[in-house]
Amino acid sequence: MKLALCCISNELAERGIKFQTMTYARFSALPHIQAMDTLCNRILNNFKVTHETIKHCIATGIKGYRLSSSITPLLNHPDIRMTLDQLPNFNAIADEIDATANTIASNDIRISAHPSEYISLTSKEDRVIDNSVLDLEMHAMIFDLLQLPCDYRSPLNIHCRQDGDPEEISSRFMSNFARLSKSVRNRLVLENNDNAKGVWSVKRLHDIFHMRHGIPVTFDNLHHKMLPGDLSEQEAFELAYSTWPTTPLFHYSEGIGNTRNHADFATTLPNSYGRNVYHDVELKGKDWAIYEMLRSK
DNA sequence: ACCAGTCAAGGAAGC
DNA sequence: GCTTCCTTGACTGGT
């Protein structure tokens with residue numbers, strides 16, 4: 001079974017190998033030179049942690065890794081707006097990225113990302129679209145620097161998050177999609193959601209975004225459970241499976257009770273219905289949960 | 001060393 | 001039109 005780790009290794013975190021972040025409030029409270037210095041050091045640390053985590057996955061039989069979307073805090077902030085290569089320590093960062101690229105290229109590990117849930121290509125506000133485009137381009141730039149395939153083998157997975165009239169929302173989505181670089185467009189996939197009004201089920205994503213525009217649909221079993229539309233789990237799984245021109249990368253999680261709060265560990269294994277798929281394991285136990293699943297297969 | 005509070009994002013809902 | 005909630009993990013400041 002091809003299981004993938006999402007962002008954080010609990011085992012490495014326990015050994016002190018952890019991501020760092022910085023808030024804008026803190027950044028602005030410090031003298032500028034000191035603020036930039038701290039930020040640059042944290043970003044470099046985050047790339048080192050990323051590389052360590054990928055090596056850790058390879059060593060433990062984990063077949064995929066979802067990059068954290070918090071590797072580069074603040075760079076897209078409206079009052080900062082920097083790209084990686086504008087950082088004073090970019091050379092050190094590029095060296096770490098190159099080393100990571102080598103690790104990925106010489107091993108069997110699939111890399112993906114799930115940019116923040118706050119990204120929206122459907123908003124009516126230009127400011128929100130601008131921020132979202134920048135954030136997606138930042139992800140794609142990191143993917144390109146890591147020399148990842150510029151196609152769905154390294155997907156950038158987001159939601160269509162707004163509720164309302166599907167025609168209106170999807171047409172806004174597609175006109176903003178056209179603004180994105182090829183690095184983003186070639187990798188962008190859409191995941192089913194379970195918003196209150198229940199608009200973006202697997203079926204609807206398939207009918208609108210896949211049939212009309214060829215965008216693959218990521219199947220998430222927990223979102224499907226909360227918003228099945230008219231489909232059984234297997235029907236939704238198969239429909240999403242049919243949208244991928246390469247091996248799909250789906251999401252697996254379990255809620256606590258009947259909620260969407262993620263449980264620590266799996267009680268069952270993800271059902272692949274006999275198909276070849278990767279599963280991003282969205283359980284709070286992270287790699288500890290995956291070890292258990294790999295043992296019980 | 002530890003703990004409680006803070007921070008950041010976009011959308012939805014309620015007043 | 002404002003506030004609050006949702007979510008998450010790490011930072012921050014006080015003990």
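Just so it is clear: chains get the letters A, B, ... in the order the sequence lines come, proteins before strands, and each one is counted from 1. Just so you know, these numbers use all the heavy atoms, side chains as well, and skip hydrogens, waters and symmetry mates.
Note: A:Phe177 and A:Phe173 have parallel aromatic rings, judged against thresholds of 30 and 60 degrees for the angle between ring planes. Between A:Phe219 and A:Phe250, the ring planes are perpendicular. Angles over 60° get that label, and only those under 30° would be called parallel.
Overall, the helix from B:dA1-C:dT15 to B:dC15-C:dG1 carries an axis bend of 50° between its ends, with five pairs at each end and the value rounded to 10°.
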Per-pair distances, 0.1 Å, donor-acceptor, side chain in residues 234-241 of chain A, under 3.5 Å, sequence neighbours excluded:
unit_1   : atom_1 : unit_2   : atom_2 : d
A:Glu235 : OE1    : A:Ser232 : N      : 2.8
A:Glu235 : OE1    : A:Ser232 : OG     : 3.4
A:Glu238 : OE1    : A:Arg275 : NE     : 3.1
A:Glu238 : OE1    : A:Arg275 : NH2    : 2.9

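No more than 12 heavy atoms of other residues, nucleotides or ligands lie within 6.0 Å of NZ in A:Lys18, so this atom counts as exposed by the packing criterion. Counted within 6.0 Å of NZ on A:Lys48, heavy atoms from surrounding residues, nucleotides or ligands total 12 or fewer; the atom is thus considered open.
A side chain to side chain donor-acceptor pair (under 3.5 Å) check over residues 70-85 of chain A, counting only residues at least two apart or in different chains, returns the pairs A:Tyr24-A:Asp79, A:Arg81-A:Asn131, A:Thr83-A:Asp85, A:Thr83-A:Gln86.
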Protein proximity profile, nucleotides 1-11 of chain B - base contact B, sugar-phosphate-only contact S, no contact -, cut-off 4.0 Å on heavy atoms = ------SSBBS

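Position along DNA chain C of the nearest nucleotide to A:His262 versus A:Arg42 favours A:His262 as the more 5'-ward residue.
At a threshold of 4.0 Å, the pair A:Asp130-A:Arg179 counts as salt-bridged, since one of the basic side-chain nitrogens sits closer than that to a carboxylate oxygen. Ion pairing between A:Glu168 and A:Arg172 holds under the 4.0 Å rule for side-chain N and carboxylate O.
By the rule that hydrophobic residues join a cluster once side-chain heavy atoms approach within less than 4.5 Å of another member, A:Leu145 and A:Leu156 end up as members of one cluster. A:Leu227 and A:Ile256 are members of different hydrophobic clusters when ILVMFWY side chains are connected at heavy-atom separations under 4.5 Å.
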Worked check of side chain to side chain contact (heavy atoms under 4.5 Å, CB included) between A:Phe19 and A:Arg42 = CA-CA 8 Å; A:Phe19 290 106; A:Arg42 288 183 182 175; over 6 Å; no

Check against ring-ring contact (aromatic ring centres under 6.0 Å, His included), A:His224 and A:His251 | CA-CA 11 Å; A:His224 174 78; A:His251 296 175; over 10 Å; no

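Near DNA chain C, meaning a heavy atom under 4.0 Å from it, residues 8-20 of chain A has A:Ile8, A:Phe19, A:Gln20 in order of number.
Interface limits on DNA chain C: the 5'-most and 3'-most nucleotides within less than 4.0 Å of chain A heavy atoms are C:dT7 to C:dG13.
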